[in-house]
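The structure appears below as structure tokens.
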Amino acid sequence: MPASLLIVDDDRDFTASAADFARLRGFQPYVAHSLEQSRQFSHLPPLDLLLLDLELPDGNGMDLLDDPALPEHDHAVIVTGQPSVESAIQAVSRPIYDYLLKPLCPEQFDALLTQAAAAYARAHNMPVRFGMVGGCESMRQVMEDIERVAPSDASVLITGESGTGKELVARALHQRSGRQGAFVAVNAGAISPELLASHLFGHERGSFTGANARHVGFFEQANGGTLFLDEITEMPLALQVYLLRVLESGTVTRVGGTETIPVDVRVVTASNRDPHAALDAGSLREDLYYRLADFTIAMPGLRERGEDVQLLAQHFLDILNVRHATNKRFADGMERTLRRHAWPGNVRELRSAVQRAFLASDDGIIRVRPNSRRLRASDADPGSVVFTVGMTYAEIEHEMLSRTLAYFDNDRTRTARALGVSVRTIHNQLARLRTRDADA
């Protein structure tokens, strides 16, 4: 059962968008547009979060707190577009967790959901913190590192393979930092080198062809907050020099401009490459590296996280069940399949595999079929086969046959010769595989 949220507000646009946002975060949202409607949820178990408007068609939302028909709740939050000193004083005297003004920005709502989810996880002994699921030793270390370094102004470099959740760590660092500015995420490898300077530092009108108006860059957008630069090793060396100067001076100058603009930005960076290898290759400046890596957080690959695979898979399934109002479950024995796969795409690959299986399921039973590729090294070297501990002999045989066939362009004669078996054996094995897949 996922964490629950009740939204009592007569603004239907607000309730719809808030409910959708909560579903994406794995919550089960309930919506009421009046005090009377809210009473229909009296049968619910204790709520994990209550969002309550003050001005409702049939009374004051604060009165609902004394209504015995309201389910128990851990966090009651007033969200109002008509604040007053009187209501604020009244809220202080009541068991109100927070008093927020509309429009409620996504960062505020996200923080509320994160806090409620953490409380839910503690109550249900689930290893969830900062929106991340994980109980293995390496993830506990990551979470301890976040707690330790977030309140400081230290720059943080997050390392790890693609799909391990580096941006989640960056967001957690921002949320725990106490910084009031925005969190701005930028993938330095996804923006062309010609435009990256303009995106980061801004530009003045007419500074280059197509610059028809002044543009405020990401540094200014993140002023007072956190700028997350992903794939930092992909940044051109010339821009690395400029970035270092900005970090050292605390100021930016827009492209084509002369004004020096002070910025208070905490920079968090990430790379799926080994930063020391990038230093050796000359693609990352050493002086910039030391400026960016006051503290380093290493994200483990999913194959290193043991039972976290099952926890994450169930977490993703819970979110999908809430979003689609279903009650699907994993097939018996699915835990073994999830643990056997190496998950080269890490958490991102697992989430995709669960969603794919969810959409393909017509009987309410989820059967995840991971991609047969074990490691990216196999893709880079078509002449190699990589096996992992825990694979069955049948899987090893299947992998060897599949990759050898692919290597010889599906030529069964050459495949049979390479494997030291007859062509008939290849035909029989392929027939067994087809029968197994049809029965699965």
Side-chain angles (χ1 to χ4, degrees), residues 1-5 16 19-31 44-45 48 113 117 120-121 124-128 131-136 162-165 168 301-303 305-376 379 388 390-392 394-399 402 430-440:
M1 181 66 183
S4 58
L5 161 70
D20 287 343
F21 192 92
R23 284 191 192 92
L24 292 174
R25 290 296 309 273
F27 278 71
Q28 172 62 67
Y30 302 95
V31 173
L44 292 178
D48 299 289
L113 293 176
Y120 174 85
H124 293 79
N125 296 317
M126 291 177 59
V128 181
M132 293 180 285
V133 177
C136 68
S162 293
T164 51
L168 279 178
L302 186 54
R303 61 186 171 277
R305 293 176 54 180
E307 294 182 359
D308 281 2
V309 177
Q310 295 102 287
L311 293 174
L312 282 160
Q314 187 61 54
H315 175 68
F316 296 140
L317 178 56
D318 289 343
I319 291 175
L320 290 166
N321 274 328
V322 169
R323 187 182 303 168
H324 296 278
T326 54
N327 191 30
K328 296 183 179 182
R329 64 176 180 84
F330 286 113
D332 293 339
M334 204 72 253
E335 295 86 355
R336 186 167 177 267
T337 298
L338 295 171
R339 285 289 299 275
R340 276 203 312 259
H341 187 56
W343 300 108
N346 295 295
V347 179
R348 185 181 294 124
E349 180 189 354
L350 174 63
R351 182 174 60 236
S352 176
V354 171
Q355 179 165 306
R356 189 166 57 249
F358 180 92
L359 296 174
S361 171
D362 294 324
D363 58 0
I365 305 300
I366 307 300
R367 302 171 181 86
V368 178
R369 292 186 173 88
N371 192 304
S372 64
R373 295 177 298 176
R374 301 293 165 178
L375 291 171
R376 295 194 187 279
D379 299 340
T388 58
M391 290 177 66
T392 64
E395 287 180 308
I396 292 173
E397 190 177 52
H398 182 195
E399 185 76 357
S402 299
L430 289 173
R432 282 197 298 271
L433 291 174
R434 283 194 295 270
T435 301
R436 188 196 69 180
D437 290 341
D439 293 339

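Only this structure's heavy atoms are used, side chains among them; waters, hydrogens and symmetry mates stay out.
- With respect to D332 and R336, no salt bridge is recorded, no charged nitrogen being found less than 4.0 Å from a carboxylate O.
- Counting heavy atoms from C-beta on, the side chains of V368 and L338 come closer than 4.5 Å.
- At least one side-chain heavy atom of L320 sits less than 4.5 Å from a side-chain heavy atom of Q355.
- With a 4.5 Å cut-off on side-chain heavy atoms, Q310 and M334 do not count as touching.
- Considering every non-hydrogen atom in both R356 and R369, the closest pair reads NH2-O, 4.0 Å.
- By the 4.5 Å heavy-atom criterion applied to side chains, T164 and L302 are not counted as neighbours.
- With hydrogens and angles ignored, the 3.5 Å screen pairs no side-chain donor or acceptor of W343 with any backbone N or O of P370.
- Counting heavy atoms from C-beta on, the side chains of E307 and C136 never come closer than 4.5 Å.
- In this structure, F21 CZ and L5 CG are separated by 11.5 Å, a value rounded to the nearest 0.5 Å.
- The distance from atom CD1 of I365 to atom CZ of F330, rounded to the nearest 0.5 Å, is 11.0 Å.
- Nearest heavy-atom pair across V347 and R305 is CG2-NH1, 3.8 Å.
- When every heavy atom of H324 is checked against every heavy atom of F358, the shortest pair comes out as CD2-CE2, 3.5 Å.
- The heavy-atom pair separating N346 from R303 by the smallest distance is OD1-NH1, 4.3 Å.
- Put simply, the side chain of K328 never gets that close to the backbone of N321: no donor and acceptor are under 3.5 Å apart.
- Contact detail for Y30 and S4: the closest heavy-atom pair is CE1-CB, 4.1 Å.
- Rounding to the nearest 0.5 Å gives a distance of 11.0 Å between CD of Q28 and CG of D318.
- Rounding to the nearest 0.5 angstrom, the gap separating the CG atom in L312 from the CG atom in L317 is 12.5 Å.
- The CG atom of L350 lies 10.5 Å from the NE2 atom of H315; values are rounded to the nearest 0.5 Å.
- The two residues G135 and D308 have their closest heavy-atom pair at N-OD1, 2.9 Å.
- The CG atom of L311 lies 10.5 Å from the CD atom of E335; values are rounded to the nearest 0.5 Å.
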